[in-house]
Amino acid sequence: MMQRRSRNLLLAVAYLAGLALALYCESHELHLIFSISLSFTNVILLLLLRCYGNIYGLAAAVLVYGVSLFIWDRPYIVLLSLLEIIAIGLSLKWSKRDRMLRTDALFWMVIGIPAIFLAYWTMYHTVSMELWLLITIFATNGLFNVMFADIIWKYLPKRWLKPGISFRIEPLFFSKVLFHIIIVSIALPFLIFILNNSWSSYASVSQYSYKLASSAASSISKELSALQQMNSQPLSIEDYRVYIQELAQQPMSDGYYQIAIIDHNNSIIASSHTPIPSEGSHHYDIDPPHTSSKHEFYMNVPAYDNRIFPIQGWNEASYVYQMPLETQSSGALQLFVYVPMTHDQELIYKQFLIQFLSLLLFVICGSTIGQWLNHRLLRGLTQLAILTTDLPDKLYTVQKIKWPESSIYEIRSLIHNFKYMSGNLIHMFQNSLKNTRLLEEQTTRLIKSEKKLHHLAYYDELTGLPNRLHFQEYIKTLGLDKPIDDTPEDSPAFAIMFADLNRFKQVNDTLGHAIGNELLHDIAQRFSRIISEQCKVFRLSGDEFLFILHYEHISDVQQIAQTICDICEEPFEINGRALYMSVSVGISVYPYDGNDIDAVMRNADIAMYVAKEQGDGLYHFYDSLIENQREENMRLENELKAALLDGQFKLYYQPKIDASSGEVIGAEALIRWLHPEYGMVSPAKFIPLAENSGVILDIDEWVLQEACRQNKIWQLEGMPRFPVAVNISARHFYQSNLIPTITRILHETGLEPQYLLLEITEGTLIRNVEYGVRMMEDLKTMGIHISMDDFGTGYSSLSQLDRLPISEMKLDRSFIQGITEDSRKSSIVRAVIELGHHMDLRVVAEGIESPDELKYLTDLECDQFQGYLFSKPLPELEFSRFVLRWDGSSMPADGSASAG
C-alpha cells in the first residue's frame, strides 16, 4: 500500500511538472521576427496526453491555453492548437494503431489551413505573401511538434506511467530508429539556421533603419540650425511646418522615412505624414550603436484591439529615431524620424517562406532518402530476420532456405554466421534424432532393468521368495503405524512365525555352501505351497524364514505351524544324496504379544529359540514367562562384571573325606553369588551366562586367587595341609594365558603347586584332545594335580583316557543317586572304580547323601567321598571349624558319620 501511494505521488508530481513546463513554453515562445514565433507547447501537452490519457491530457491543454488566452492575450492560435490536441486525443482513443503524425497532417489539411485562410481573407480580402508565410509557419510548427512528441514517446520509459493503464511494450524497429535519427539530424540544424538567420536579418534591418533615420535627423537638425542662423528672428511654428512640407516633397525622402516635430506638450508642430504613433502604440527599444544618450531609437507597433494574427500589428510598424532640437524661442522641441518597415517586410516574408519551405523540402527529401537507405541497407537484415523466425522448426522439418545477400560487410557476416549455425543445428537435429532412438532403446532396457532391479530388491535371488525389504514394505500396508484400540479384539490380528532350520550350519560346513544353497531352494519350494492370500512367506536371511498369517481362529495358526514343521519330514534329494532336515517354529500374535511389529518379531524369535531347546521339528507360542526369564538372564549377565568388582561373589568349601582313614584330605571351592535383589543365585544359572559373555575368565581368575589365598591362610593357621579343588571352565582352559595366570597366583599367595587341584570336565577335553593333553602335561610338570570332573556324563572315548595326565576322576551325582536300587548304575560305578584303580587313579564319589550310598561305595573300595552326608558347602570360617571338630576315626563301618 505504501509503495502504491509513493508511486501515485510521483505520478502527480510528474504531471504538475509537465503542466508547469507547458505553461513556460507557452509564455516563452521562440521569436523569429515581426511577431513570427515557434511554440513547443504542444510537445509537452501531447506527452501528457499519451502518459495520462485523454481526460488528464485534455484538461492540461484547456488549462494552458486558457491561461494563454486570458492572461497573455494570444487568441490568434490558441483555439487552433486546442483543436489539434483534441483531434489527436480522439484519434488515439478510437484507433488501435499509433498514427499521430498522419492524424495531425489530416487536421491541418482539413481544419487548420482552411481556418487560417478564411480568417485572413475575412480581414484583408486578399491573398498575400504574409498569408502563405502564416500557413507555412503554423502548419510546420504543428507537424514538427507532433513528430518530436512521437519520437520522444517512442524512447520514453513507460513503467512509471499511470496505474491501471496497461501498456504493451513494443520493440523498436531499426529502420524507425534510423529514420528518427535522420529527421532529427535535419530538423534541428535547420531550425538553428532559421533562428540565426532571423536574428541576423532583424539586426541588419534595425542597423540599416538606424543609420537612415539618424542621418536624416542629423541633416534636418543641421539645416534647421543653418536656417536659424540665416534669420535674424527665431524660427516660428509656421517656419517649422513650411520646412517639413518642403522636405516631404523632395523625391529622395518619399516613402523611405517620415518626419515630425513635437513640442514639450507632445503637440505636433509639423509632420511630413499625417498618421503618427498613437498613445496605444507598443514601443520596442532597440539598442543601436549610437553615442548620444539624448537620442532614442525604438520600434513602434500600432495597437489593435481585435487582433487575430500575431503579424497583424506589424504591417504599419516603423523604426522611430527621436532627437531634441535646439531652438531660441519655440521652447523644447523633439524631432522624430519614422522609418516604415513595409519596405523590408515583403523581402523578409519571402525569405522566411523560402526557408520554411526549404525545411519541409529537406524533411521530405530526408524521409525519402532515409526510407531508401533503410530499404537498401537493411533489406538483407530484414529478410534475415523474417527468414530466421521459427528457424529451428524450419530446419527440423527440412524446409529449403534461400539465404539473402547483402553488400554490407556486417550483414553479410551475420548471414554467414546464421548459415553456419543452421548447419550445426541440422547436424544437432540429426544427432538428436539418433540419440532419441538410442534413448528409446535405452528406456526400454531401463524399464526391463528396473523390473529386474525391483525383483532383485524385493525378492530373494536364491529362493525366489520375497526378502526382508519386501517384508518391510508389506508391513507398511498393514497400517501398523496407527495406534491400536484399547481392546485388542478390535485390531486386525495376524501371526508372525519364525521358521529356522536345525543344524543347517553343519550342512554348509560338511557338504559345502553349494549343497546348502540347493537345500534352501528346495525348502523354499516346499514353503511356497503354503502361500495364499492369508499366508505370506519371506526369506529374511540364511536359513531363517518368516510367515505372516492372517487368521480367524487360533487353530488356524496351529495348523499352519504344524504344516511348516511337517514339510521337512520327507528327505531332500540333492545330488543323489538324501538329506534329513527339521525346522523349529516360533509364533507371536499381533496385537496380543506386542503393540508394534518389532515387538512381535522379537517375541517370535524368542519363541523359536524355545522351540529349538524343546527339540527338533516343534513349534512354540510366545509366552510372557519366557520373556521374563530372558529379561532376568539378561540383567544377570549385564551385572556379572559389576558383581565381581563389588565383591558380591563368595567362595564356599565342601570337604573331601578319605575312605580308609576318614580324615579330611581336601576341599572343593564352590562359587556363590549373593545378589542384592535376587538373593543367592545358583552357579547353574549364572555360570552359563558368564561363559556366554566372557566374564567367566575374570571369575575363574578370581576363584583361583581366592582359593589359593584361603588355603595358604589355613596352612598358616595350623590346619592340616590338603589340596583345594578349583573348577576351570572350558573357555579358560583353552586360553594361552592360563599357565602364566596360575603361576602368578601361586607366587602371589605363596601356595605350593601340589596343594592346588584343577577339575576339568570331559566336555572341555573333547574340543581339542591334543591341545588338552599338552596343557595338562604342562600343569602336571608344575606339580599341580588334575581331576576329571563329572566322569561318565560326557562323550569322551576310553581310548583317550590313558593319554590324559590326570590323578583322579570324580563320579557324578547322577551315578550315585539310587545306586543301591539300580543294578545297572551299580555295575557302571563298579566298572569305573575298577578302571580307575587299574590306571592308578583316585576315584572320588560326589553327591553322597545317605549312609547306604556310603556303605555301598565303601564296599566298592572308592577312594574319597564328598557330599551332604558329611557337610554342605561352607564359608571359610565355618569350614575351618568343621575341619577342626571332624573326627574321622569315629565314622562307623556301616556308614554312619559323626562330626565332633
On a heavy-atom basis, the closest approach of Gly142 and Trp108 is CA-NE1, 3.8 Å
For residues Thr103 and Ser91, report the shortest heavy-atom separation together with the two atoms involved. OG1-OG, 2.8 Å
Give the intermediate values and the outcome of side chain to side chain contact (heavy atoms under 4.5 Å, CB included) for residues Ser81 and Phe138. CA-CA 9 Å; Ser81 299; Phe138 291 150; over 6 Å; no
Passes side chain to side chain contact (heavy atoms under 4.5 Å, CB included), Asp150 versus Arg50? Steps please. CA-CA 9 Å; Asp150 185 61; Arg50 295 297 297 268; 4.2 Å; yes
Ala61 versus Ile85, closest heavy-atom pair with distance: CB-CG2, 3.9 Å
Distance col, row Met147:CE vs Ile152:CD1, nearest 0.5 angstrom, shows 10.5 Å
Side chain to side chain contact (heavy atoms under 4.5 Å, CB included) between Phe297 and Ser214, worked out: CA-CA 9 Å; Phe297 184 72; Ser214 61; over 6 Å; no
So how far is it from Ile262 CD1 to Gln334 CD, rounded to the nearest 0.5 Å? 8.0 Å
Nearest 0.5 Å, what's the CG-CH2 distance between Leu49 and Trp153? 9.5 Å
The test is side chain to side chain contact (heavy atoms under 4.5 Å, CB included); show your working for Val320 and Val337 and say whether it passes. CA-CA 6 Å; Val320 178; Val337 178; over 6 Å; no
If you compare all heavy atoms of Gly89 against all heavy atoms of Asn54, which two are closest, and at what distance to 0.1 Å? O-ND2, 3.1 Å
List the atom pairs, with distances to 0.1 Å, where a side-chain N or O of residues 40-47 and a protein N or O form a donor-acceptor pair under 3.5 Å, not counting sequence neighbours.
from: Thr41; atom 1: OG1; to: Glu26; atom 2: N; distance (Å): 3.2
from: Thr41; atom 1: OG1; to: Glu26; atom 2: OE1; distance (Å): 2.8
from: Thr41; atom 1: OG1; to: Ser39; atom 2: OG; distance (Å): 3.1
from: Asn42; atom 1: OD1; to: Tyr65; atom 2: OH; distance (Å): 2.2
from: Asn42; atom 1: ND2; to: Glu84; atom 2: OE1; distance (Å): 2.9

Pairs under 3.5 angstrom only: tabulate donor-acceptor contacts from the side chains of residues 110-118 to other protein residues two or more places apart or in another chain.
none

When the ring planes of Tyr52 and Tyr15 are compared, do they come out parallel, tilted or perpendicular, using 30° and 60° as the limits? perpendicular
Can you find a heavy atom in the side chain of Leu83 that is under 4.5 Å from one in the side chain of Phe107? yes
Phe336 vs Tyr338 aromatic rings, parallel, tilted or perpendicular, using cut-offs 30° and 60°? parallel
All heavy atoms of Ser218 vs all of Met323, minimum pair found to be N-CE, 4.3 Å
